[in-house]
Amino acid sequence: MKLVTCGLPYANGKAHIGHLRTYIPADVYVKYLRMMGEKVLFICGSDCHGTPIVVNAEKEGISPRELVDRYHEHFKKVFASVGIEFDYFGRTDSEYHHEMTKNFVKKLIEKSYVYSKEIELAYCPKCKRFLPDRYVEGICPYCGAVARGDECDQGCGRYLEPGEIKEPRCKICGTKAEFRKQKHYFFKLTAFRDFLLEYLDKVGGTENALNYARKWVKQELKDWCITRNLEWGVKFPGEDLVVYVWVDAPIGYISYTREACKNLGCDWEKIWVEGVKKEGDIKWGDIIHFIGLDIVYHHCIFWPAMLKGVEFALPSAIVASGMVKVEGKTFSKTRGYVVWVEDDYLKSGFNPDYLRYYIVNYTSHQKDLNFSWKVFMDKVNNELIANLGNFIYRVTYFAWKNFEGDVWSFNVKADDSVIKAVEKARNEIVKAIKNWEFKIASDAFMELASFGNNYFQSKEPWELIKSDKEKCAEVIANCLHIVKALTILAYPVLPFSMKEVAKIIGVDEFRMNKVNEFEKIKVLKKPKPPFKKVEEEKIEEMEKLMIDRIRKADEKTVKYVTIDDLSKLDLRVGKILRAEKVKKSRKLIKLEVDIGNEVRQIVAGIAETYKPEELVGKQVVVVANMKPAKLMGVESRGMILAADVEGKAVLLTPEKEVPIGSKVR
RNA sequence: GCCGAGGUAGCCUAGCUGGUUGGGGCGCCUGACUCAUAAUCAGGAGGUCGGGGGUUCGAAUCCCCCCCUCGGCACCA
């Protein structure tokens, strides 16, 4: 039994197209495997723990459970409505999951992979509590950007260990936090370095994920703090702490498997404990994780190490989907570049199959997918409808009109070229699926549809019907064979539409080995076109909606300041006396700037637009009371103002020469 | 700067263990046809295969240098 999983959606927001980028190809994969006769278990569920959920629930004045309930049901519903059929969709806040996680952690403790250590943690004296993860905001110790407790999300993107953050502040009340000592537990991730290198070398899946992971393992592996001060989560054995959400979330794959097996009569231990083969130090399972590029670290490093720690079977493949762009821009909920599955897509009445086709067929699974409504319309109308839909409809309708759906009273036989074309499509699909190449698979059935149109056109059955009805029947019989093949081959990508077609031609089994059986296919009822066109007006409406949303998001980010705020800044005109590039840096220039009463050393990130020599003598605006900082080891005491033109700096300079040190107001 | 992934016609791409005129899809132009949701079919225009060197009888494919895009890190004060 093969196990396929999708990264667990975090029960803290609605489903968007980024989720589907991973889940739909996974579902397509599973559907194809099943058509090939493989036994597959397809598992997913909500990730319900962690501080963002607690923080958001507090904000809304509800319990974490209530918040989770809402989004859990939402995901379940949305996935079903786009045809993603999980065998089990669990949640990590359930009893069985807590039990599984506790046992897992206990085993890690028994194997001595967990140790405790006193660490200094941010503590809010006003709220009287420790501040885990997103309860705390401060300065990233690596890059100096504003960061949250667990991740430097606006700066260098690093994952931060508890206690690492500088200048912590309570996110809830804004109070300056103090550091207090507390005992926490660590997972000996460093003990798995060699194992991970070997594992990452051999595991299957897509290269995009594995390359990153290999680098991380080589560079900066640290032991991993796995406990948090929180009520909401899985209790750490014997302590008033919960385990970190990224410990319990992947264990969800196991606990959901066990629950699924209860209903389906399989054995979860065979899948997760026994595995399918041993290869030196590695016990392989037949387990495939579909994930997004953003959770590679957890699935390629933490997770295999945890599994190895308890001597469980390891995933055989990690398949990471590329990023999503919306209308050519990086996907971003806060900036409005987002497509909500329910509110935008489903409520507008679009067939879910269209989106499935778009996501699968736009580009290779590993590459970035750009979602654009215009492209969406083109792909649906010009490819799905004009080619595939049209072929299915013209054949079935022709058979219905001229033969009442039954051509088999004539003596007809299979055309060799038709059988070959179907065989080719099937072989290509089987091969593509094994390589995670879903676009190639969907291209293959589209090519078969194209072949069908060509065949129909060149045989001219509309002429034959007048002159040679038997010959005509043979052409249509062959075309119906192609229709049947298409119905089956396209089913995993277009399940809703192909099920309808299947009813019309009396196909009740979607199996790969039935695809090229030349059966007596009849048209059982009056055919309907399998797809409806996407209207241009509707697309314009969607585009307008998106533009509005982007504009609103822009407005939201405006924060007004008072004149007092402004007066906090000591802005002055300075003159650049000397400039030289900071060694080994790309953007930085070291400047000496005369600001009237003193000469300051300032480092500015402007080397991409200016050469040092052209800066000397220029008057610039300086923030004189900027907190000193070190950049690439060079001290900087001030900041030069510049316009940001698509990431490149353009200096602000007085309109005419002014006395050095002039105040800027 | 370092590490990844890339740069192939307006767009998405195949080819990349070197070898006949670099394939395909969408869009575009012309023609044909009418069974079909103006769908389909035929034909066509459109490429210095990022740039420059080199190896070779022969390179999109191999080697070197450079440029650009994206992601990650080191520095966005």
Side-chain angles (χ1 to χ4, degrees), chain A residues 142-145 154-158 207-208 210-216 218-220 293-294 296-297 322-323 325 328 330 361-364 366-370 372 374-375 378-379 381-402 437 439-440 442-443 446-447 449-450 452-465 472 475-476 479 527-534 581-589 602-608 622-623 626-642 644 647-649:
Chain A
Y142 298 100
C143 75
Q154 290 173 46
C156 63
R158 263 204 170 78
E207 281 300 311
N208 55 350
L210 303 174
N211 274 334
Y212 290 118
R214 285 175 192 132
K215 187 190 102 185
W216 280 322
K218 278 182 202 151
Q219 283 184 0
E220 45 184 328
L293 227 34
D294 52 335
V296 165
Y297 200 103
M323 311 288 274
K325 290 185 171 203
T330 303
N361 191 261
Y362 182 82
T363 192
S364 137
Q366 299 194 46
K367 293 197 176 170
D368 289 356
L369 177 138
N370 180 31
S372 144
K374 173 74 172 56
V375 177
D378 285 348
K379 282 189 84 73
N381 290 351
N382 302 332
E383 297 174 29
L384 266 189
I385 295 179
N387 182 11
L388 180 68
N390 179 242
F391 176 69
I392 292 172
Y393 185 59
R394 75 197 291 204
V395 170
T396 49
Y397 188 76
F398 192 94
W400 179 256
K401 208 171 86 179
N402 296 293
E437 292 285 4
K439 175 176 168 55
I440 293 177
S442 54
D443 280 344
M446 290 304 280
E447 199 189 317
S450 195
N453 274 318
N454 203 320
Y455 187 81
F456 195 101
Q457 191 79 14
S458 64
K459 299 286 181 188
E460 301 185 326
W462 61 90
E463 292 297 333
L464 289 175
I465 191 72
C472 181
V475 170
I476 296 305
C479 286
K528 279 186 300 198
F531 308 108
K532 261 204 217 94
K533 273 208 164 180
V534 170
K581 272 203 82 168
V582 174
K583 266 183 287 174
K584 283 194 158 188
S585 94
R586 186 178 72 221
K587 288 188 193 166
L588 299 186
I589 291 186
I602 296 174
V603 179
I606 54 174
E608 284 178 317
V622 176
V623 183
M626 195 78 196
K627 196 175 163 191
K630 269 197 177 176
L631 294 169
M632 293 286 286
V634 182
E635 180 162 61
S636 177
R637 298 179 57 236
M639 179 175 169
I640 308 285
L641 294 189
D644 183 336
K648 311 262 174 177

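Given the structure is predicted, the values throughout are model-derived calculations rather than measurements.
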Across all chains, not counting sequence neighbours, the salt bridge (charged side-chain N to carboxylate O under 4.0 Å, His left out) partners of A:Lys374 are A:Asp378
Re B:rG58: Watson-Crick or G-U wobble partner, both distances kept under 3.5 Å, found to be none
**Asked** Expressed as a whole number of Å, how far does the P atom of B:rC64 sit from that of B:rG18?
**Response** 16 Å
Practice prompt. Tell me what A:Lys532 touches on the nucleic acid: a base, only sugar-phosphate, or nothing, going by heavy atoms under 4.0 Å.
Written response: nothing
Are there any protein N/O atoms within less than 3.5 Å of an N/O atom in nucleotides 39-42 of chain B, and if so, which ones and at what distance?
from: B:rA39; atom 1: OP1; to: A:Lys533; atom 2: NZ; distance (Å): 3.2
from: B:rA39; atom 1: O3'; to: A:Ala386; atom 2: O; distance (Å): 3.2
from: B:rA39; atom 1: O2'; to: A:Ala386; atom 2: O; distance (Å): 3.2
from: B:rA39; atom 1: O2'; to: A:Asn390; atom 2: OD1; distance (Å): 3.0
from: B:rA39; atom 1: O2'; to: A:Asn390; atom 2: ND2; distance (Å): 3.1
from: B:rU40; atom 1: O2'; to: A:Arg394; atom 2: NH1; distance (Å): 3.2
from: B:rU40; atom 1: O2'; to: A:Gln457; atom 2: OE1; distance (Å): 2.9
from: B:rU40; atom 1: O2; to: A:Gln457; atom 2: NE2; distance (Å): 3.2
from: B:rA42; atom 1: OP1; to: A:Asn454; atom 2: ND2; distance (Å): 3.0

A:Phe456 has its side chain closest, among B:rA77, B:rC35, B:rU37, to B:rC35
message: For the C1' atoms, the ones on B:rA60 and on B:rG52, what distance do you get once it is rounded to whole angstrom?
response: 16 Å
Between A:Phe456 and A:Trp462, how do the two ring planes meet: parallel, tilted or perpendicular, split at 30° and 60°?
parallel
P gap between B:rA39 and B:rC29, integer Å: 13 Å
A:Tyr362 OH to B:rA14 C1', in whole Å, measures 17 Å
Within the structure shown, what part of the strands sits under 4.0 Å from A:Pro461 by heavy-atom distance: base, sugar-phosphate, or nothing? nothing
In whole angstroms, the gap separating P of B:rA5 from CG of A:Leu210 amounts to 12 Å
Taking atom P in both B:rG7 and B:rA77, what distance in whole Å separates the two? 32 Å
Re B:rG6: Watson-Crick or G-U wobble partner, both distances kept under 3.5 Å, found to be B:rC68
| Touch check for A:Val603, heavy atoms < 4.0 angstrom, all strands: base, sugar-phosphate only, or nothing? | sugar-phosphate
A:Glu447 CD to B:rG23 C1', in whole Å, measures 11 Å
Review point. What is the nucleic acid contact for A:Gly389, judged by heavy atoms within less than 4.0 Å: base, sugar-phosphate only, or nothing?
Key: nothing
Is there a side-chain contact between A:Gln457 and A:Tyr455 in this structure, where contact means two heavy atoms from C-beta onward sitting under 4.5 Å apart? no
Within the structure shown, what part of the strands sits under 4.0 Å from A:Pro530 by heavy-atom distance: base, sugar-phosphate, or nothing? base
Out of B:rU37, B:rC35, B:rC12, minimum distance to the side chain of A:Phe531 belongs to B:rU37
A:Leu384 CG to B:rC26 P, in whole Å, measures 12 Å
With a centroid cutoff of 5.5 Å and a plane-angle limit of 30°, would you call A:Phe398 stacked on B:rC35? no
Q: Give A:Glu463 one of three labels, base, sugar-phosphate or nothing, depending on what nucleic acid heavy atoms sit under 4.0 Å from its own.
A: sugar-phosphate
Taken to the nearest whole Å, NZ/A:Lys379 to C1'/B:rG25 is 8 Å
Of B:rC26, B:rC70, B:rA36, the nucleotide closest to the side chain of A:Asp368 is B:rC70
By the Watson-Crick or G-U definition, both distances under 3.5 Å, B:rA42 is matched with B:rU30
Considering every strand and a 4.0 Å limit on heavy-atom distances, what is the contact class for A:Ile440: base, sugar-phosphate, or nothing? nothing
**B:rG47 versus B:rC41 - spacing of their C1' atoms, nearest Å** = 26 Å
What integer number of Å spans the C1' atoms of B:rA59 and B:rU8? 14 Å
Partner of B:rC35 under the Watson-Crick or G-U wobble criteria, both distances under 3.5 Å, comes out as none
Gap in Å between the two P atoms, one belonging to B:rG43 and one to B:rG54, rounded:
41 Å
For this session: With C1' as the reference atom in both, quote the distance from B:rG51 to B:rU69 in angstrom, rounded to an integer.
Result: 15 Å
